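Have a look at the structure below, then the notes.
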Amino acid sequence: MINVTVCFHSYFKDLAGAAQTTEALPLGSTAADLLKRLHQRFPPLLAMNNSTLVAVGVEYQGRSYVLRDGDEVSLFPPVQGG
Amino acid sequence: MAMKFRSSRRCREGKGDFRFQISDFRFQISDLRMQISGMKRELAITTEVIDEAALLRQRALPDDMGAVVCFLGVVRGTEENRTIRAIEYEAFQKMAVHQFHQLFDEMEQRWPVASVRLAHRIGVVPVREPSLWVEVIAPHRSEAFAACQWLIDEMKRVVPIWKKPLA
């Protein structure tokens, strides 16, 4: 098993009702697997699935990214700076 | 919450020999390396008011540069046809700094830009106050305009900053 930290940003914090959580996943799990698990725990996030952006550390990652133990995953909506 | 970051790409990538060994002199050394190795860059993601006059006073213009493009983004009084009083900006600061510097790296490769300075305000920014200030200095106007436009477009695509209108 691996353990990852998940941080929610912008209004994803409101949808999840939390700024941060942790998940334990089987070895070899991907970002897509993590999202499925989070959608079960935080159903309001499911409606935003298509526009959800995923980062690990400070880099964007795709849904096929294979998670590693200790990863800090961030989930957020499209960005809107300026 | 405020963060200011100023360094050369080589220093940020840890290619310098002394960044961590002589920490007291880190910023002096990085300034020196900027002059030697490439585009000057300054970034501030800050809750403080953007002081445009102070930023203009701090401008350093090399003799061989002929174009300075400045952009000031200001909070409008309407958002999607509704009157607002302010916009609240939120940043994932660590990633925002990283993404900005990746954009600066790419900008340096694409255009002969001598300097980029960017300030993005976060927190509550009232209507008519600036949320973004960008300055690009280049030899000629075409590359200065193009680089500045590209930087802002890319910022809106990849830098993790979000806004929430406040009625």
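Remember, it's a predicted structure, so these values are computed and weren't measured experimentally. Just so you know, these numbers use all the heavy atoms, side chains as well, and skip hydrogens, waters and symmetry mates.
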Item to complete: Provide the closest heavy-atom pair for A:G82 versus B:S131 in the form atom of the first, atom of the second, distance.
Response: O-OG, 3.4 Å
Item to complete: Using atom types as modelled and distance alone, determine if a side-chain donor or acceptor of A:H9 lies under 3.5 Å from a backbone N or O of B:A91.
Response: no
Discussion item. Could you tell me if the side chain of A:E59 sits less than 4.5 Å from the side chain of B:H98, heavy atoms only?
Written reply: yes
Worksheet item: Is it the case that more than 12 heavy atoms not belonging to B:R59 sit under 6.0 Å from its CZ atom?
Response: yes
Worksheet item: Would you say the side chain of B:K94 lies within less than 4.5 Å of the side chain of A:E72, judging by non-hydrogen atoms?
Response: yes
Discussion item. Classify the ring geometry of B:F92 against A:F76: parallel below 30°, tilted from 30° to 60°, perpendicular beyond 60°.
Written reply: perpendicular
Worksheet entry | Members of residues 151-167 of chain B whose heavy atoms come closer than 4.5 Å to chain A | B:M155, B:K156, B:R157, B:V158, B:V159, B:P160, B:I161, B:W162, B:K163
Worksheet item: Around B:R141, counting heavy atoms of other residues, nucleotides and ligands shown, do more than 12 lie under 6.0 Å from its CZ?
Response: no
Fill in: A:F42 CZ: over 12 foreign heavy atoms closer than 6.0 Å
yes
Response to the item:
Honestly, the part of A:Y11 sitting under 4.5 Å from a heavy atom of chain B is neither
Worksheet entry | A:L35 reachable from A:V6 in the ILVMFWY side-chain graph, under 4.5 Å edges | yes
Worksheet item: When you look at CZ of A:R41, are more than 12 heavy atoms from neighbouring residues, nucleotides or ligands closer to it than 6.0 Å?
Response: yes
Discussion item. Assigning hydrophobic clusters by single linkage (Ile, Leu, Val, Met, Phe, Trp, Tyr; side-chain heavy-atom cutoff under 4.5 Å), is B:L55 placed with B:I137?
Written reply: no
Fill in: Top of A:G57, A:A55, A:P77, A:C7 for chain B proximity - count of heavy-atom pairs under 4.5 angstrom
A:P77
Discussion item. Check for me, please, whether B:V68 and B:M39 land in the same ILVMFWY cluster - side-chain distances under 4.5 Å, paths through other members count.
Written reply: no
Fill in: Single-linkage hydrophobic cluster B:V97~A:V56, side-chain heavy atoms < 4.5 angstrom
no
Worksheet item: Between the side chains of A:Q80 and B:E90, is a donor N or O closer than 3.5 angstrom to an acceptor N or O?
Response: no
Practice prompt. Is it possible for you to say whether A:V66 and A:V4 belong to one hydrophobic cluster, with membership spreading through side-chain heavy-atom contacts below 4.5 Å?
Written response: no
